There are 2 protein chains.
Amino acid sequence: MPVPRAAAAGRRGGIPEATVARLPVYLRVLTALAESETPTVSSEALAAAAGVGSAKLRKDLSHLGSYGTRGVGYDVEYLVYQISRALGLTQHYRVVIVGVGNLGHALANYAGFGTRGFEIAALVDADPRRAGDRIGGLDINPLDDLERIVKENEVSIGVIATPAAAAQDVCDRLVACGVTSVLNFAPTVLSVPDTVDVRKVDLSIELQILAFHEQRKSSGVSAEPGAAVPDAVRATGVSA
Amino acid sequence: MPVPRAAAAGRRGGIPEATVARLPVYLRVLTALAESETPTVSSEALAAAAGVGSAKLRKDLSHLGSYGTRGVGYDVEYLVYQISRALGLTQHYRVVIVGVGNLGHALANYAGFGTRGFEIAALVDADPRRAGDRIGGLDINPLDDLERIVKENEVSIGVIATPAAAAQDVCDRLVACGVTSVLNFAPTVLSVPDTVDVRKVDLSIELQILAFHEQRKSSGVSAEPGAAVPDAVRATGVSA
DNA sequence: GAGTGTGAATAGTTTCACAGCG
DNA sequence: CGCTGTGAAACTATTCACACTC
């Protein structure tokens, strides 16, 4: 079924999404190993520390290139560098956090933020009473200054930690002044042009997913009895 | 076509993970619709509001049963009920939050927590100076009381918001006293028996994933032949 | 006519298993 | 030998397109 459609495998940029999502985990483990001066790791050991299977790990790394040594494993330092590079962490990204409530506060203080390639350019909040306060060494700016801040600092990533009702508006403003990646903590679906990437982090969704599995454990796993309605409807086609 | 081998003919609990992860989004949109007293929605409208394609939405809902009406759409109230039930939200879950730093503080105040089937049974922190403080109407308990609290309240979900160094230990203790679902905010891979579900929420991983895509935008995206970088989008849907 | 529900086609991901290098 | 790198197989998920119901 030809019509190969050039999957761009192997070529630059052809790293599968699922792999990209795991690279940061490997990177974290490798960084810890580097600090304890471990020179090399096997796929087996690295995979165990990252909580994945070794075959998956090797396949993931194979998308970056051939950086292991057969019979030995991977050089820790070198692999740290290669993964950082693949993720684009050799560049610098400036971030603006909008909304300095409890969550924004937590984010502003989050140490891992500054560590690798990310820099908080500014904190912004709609509440004028908060403007001028400092958190983690950073001033809080009024929302009106958002556009100026983004442009002056060449911010490329916006973090939205506002209430749900404000999120789309803030997002539109960020996008309008050139932000191309958004991390959304507000419980809303944001709509953006498809040149912009949005990732969402949503506590209540995570809890609900856990609830689903939790429920399944407590009720006999065999069937799904449902509450009051006979739901066995599963009309799986007519199966002839 | 290779031999199919004995596939999942049995169809057990049968809702795909990917679907489970989206149901909470649909539920949120539907809840909003219910509040604005909209009686029915089409898959098209609901999908748009949830940010997915309509075919995907219909397929997702079809795993719960046949709850739509052809030519009309879905009854909002009824669908809210069916999704809630499928997710196990008709049951009640008690949650303990361990670690009341900035993030734990934010979580404790998170309104969405109490809303649907979840109840924060207790807050726990290792710092004895914090014990006795109250946040959002809840006392902070010393870490030593963790086991007692979990058992007395029949906690089934543990939320870990401690520093990375403490996370595995806290997790082990939670698991030892019967917690079967864990939501981990600490930047570590937790290891648990496979009877326990862990979901992780990790800010720096999300940022790194965004960085990857960001990098790809700024460097000439050489690998993509057909799709240029049409930027008419720059001006769309914004103003404000 | 409008819009759901679903087989079939396609795309993406994980797992297997082993060839081959150090 | 041990361990990486990788085709091929198995599985999971998305998209298409249309029969069928209201």
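Every chain is numbered from 1, with letters handed out A, B, ... down the list of sequences. Scope of the values below: all heavy atoms of this structure, side chains included, with no hydrogens, waters or symmetry mates. Quantities reported herein were computed from a predicted structural model and do not represent experimental measurements.
The nearest whole Å value for the distance from the CG atom in L64(A) to the C1' atom in dG5(D) is 13 Å. In this structure, L61(B) atom CG and dG5(C) atom C1' are separated by 11 Å, rounded to whole Å. Between the CG atom of L57(B) and the C1' atom of dT15(D) there is a distance of 14 Å, given to the nearest Å. Note: CD (E17(B)) to P (dT14(C)) measures 13 Å, nearest angstrom. Here the C1' atom of nucleotide dT4(D) and the OH atom of Y26(A) are 15 Å apart, to the nearest Å. Put simply, OH on Y78(B) is 16 Å from P on dT4(C), counting in whole angstrom units. Atom pair R22(B):CZ and dT12(D):C1' shows a separation of 11 Å (rounding to whole Å applied). Rounded to an integer number of Å, the gap from CD1 of I15(A) to P of dT13(C) is 12 Å.
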Side-chain atoms of residues 69-81 of chain A: list all donor-acceptor pairs with protein atoms under 3.5 Å, sequence neighbours left out, distances to 0.1 Å.
| from | atom 1 | to | atom 2 | distance (Å) |
| --- | --- | --- | --- | --- |
| D75(A) | OD1 | E77(A) | N | 3.3 |
| D75(A) | OD1 | Y78(A) | N | 2.9 |
| Y78(A) | OH | Q82(A) | NE2 | 3.1 |

Throw together a table of side-chain donor-acceptor distances under 3.5 angstrom for residues 88-97 of chain A, partners on residues two or more places apart or in other chains.
| from | atom 1 | to | atom 2 | distance (Å) |
| --- | --- | --- | --- | --- |
| Y93(A) | OH | G88(A) | O | 2.9 |
| Y93(A) | OH | A211(B) | O | 3.3 |
| R94(A) | NH1 | N153(A) | O | 3.2 |

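Screening residues 160-174 of chain B for side chain to side chain donor-acceptor pair (under 3.5 Å) gives E147(B)-R173(B), Q168(B)-D172(B) as the qualifying pairs, with residues at least two apart or on separate chains. Residue pairs meeting the salt bridge (charged side-chain N to carboxylate O under 4.0 Å, His left out) criterion with at least one member in residues 42-56 of chain B, sequence neighbours excluded, do not occur. Applying the salt bridge (charged side-chain N to carboxylate O under 4.0 Å, His left out) test to every pair with at least one member in residues 22-34 of chain B, sequence neighbours left out, gives these pairs: D202(A)-R28(B), R22(B)-D60(B).
With sequence neighbours left out, R58(A) forms a salt bridge (Lys or Arg N to Asp or Glu O under 4.0 Å) with no residue at all. Under the side-chain contact (heavy atoms from CB on, under 4.5 Å) criterion, A164(B) pairs with P187(B), T188(B), sequence neighbours left out.
Dashed line: the shortest gap from a side-chain N or O of Y74(A) to OP1 or OP2 of dG5(D) is under 4.0 Å. Here T69(B) does not reach the OP1 or OP2 of dC22(D): none of its side-chain N or O atoms lies under 4.0 Å away.
When the nucleotides dT14(C), dT15(D), dG5(C) are ranked by their closest atom to the side chain of S62(B), dG5(C) comes out on top.
Interface residues of residues 29-54 of chain B facing DNA chain C, ordered by number: S42(B), S43(B); criterion, heavy-atom separation under 4.0 Å.
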Enumerate the protein-to-nucleotides 16-21 of chain C contacts in which both atoms are nitrogen or oxygen and the separation is below 3.5 Å.
| from | atom 1 | to | atom 2 | distance (Å) |
| --- | --- | --- | --- | --- |
| dG20(C) | N2 | R70(A) | NH1 | 3.4 |

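K200(A) places no side-chain N or O within 3.5 Å of a backbone atom of V189(A) that could act as its donor or acceptor partner.
In this structure, V72(A) and D60(A) both approach DNA chain D, and ranking their closest nucleotides by distance from the 5' end singles out V72(A).
The minimum heavy-atom distance linking G99(B) with A161(B) is given by the pair O-CB, 3.6 Å.
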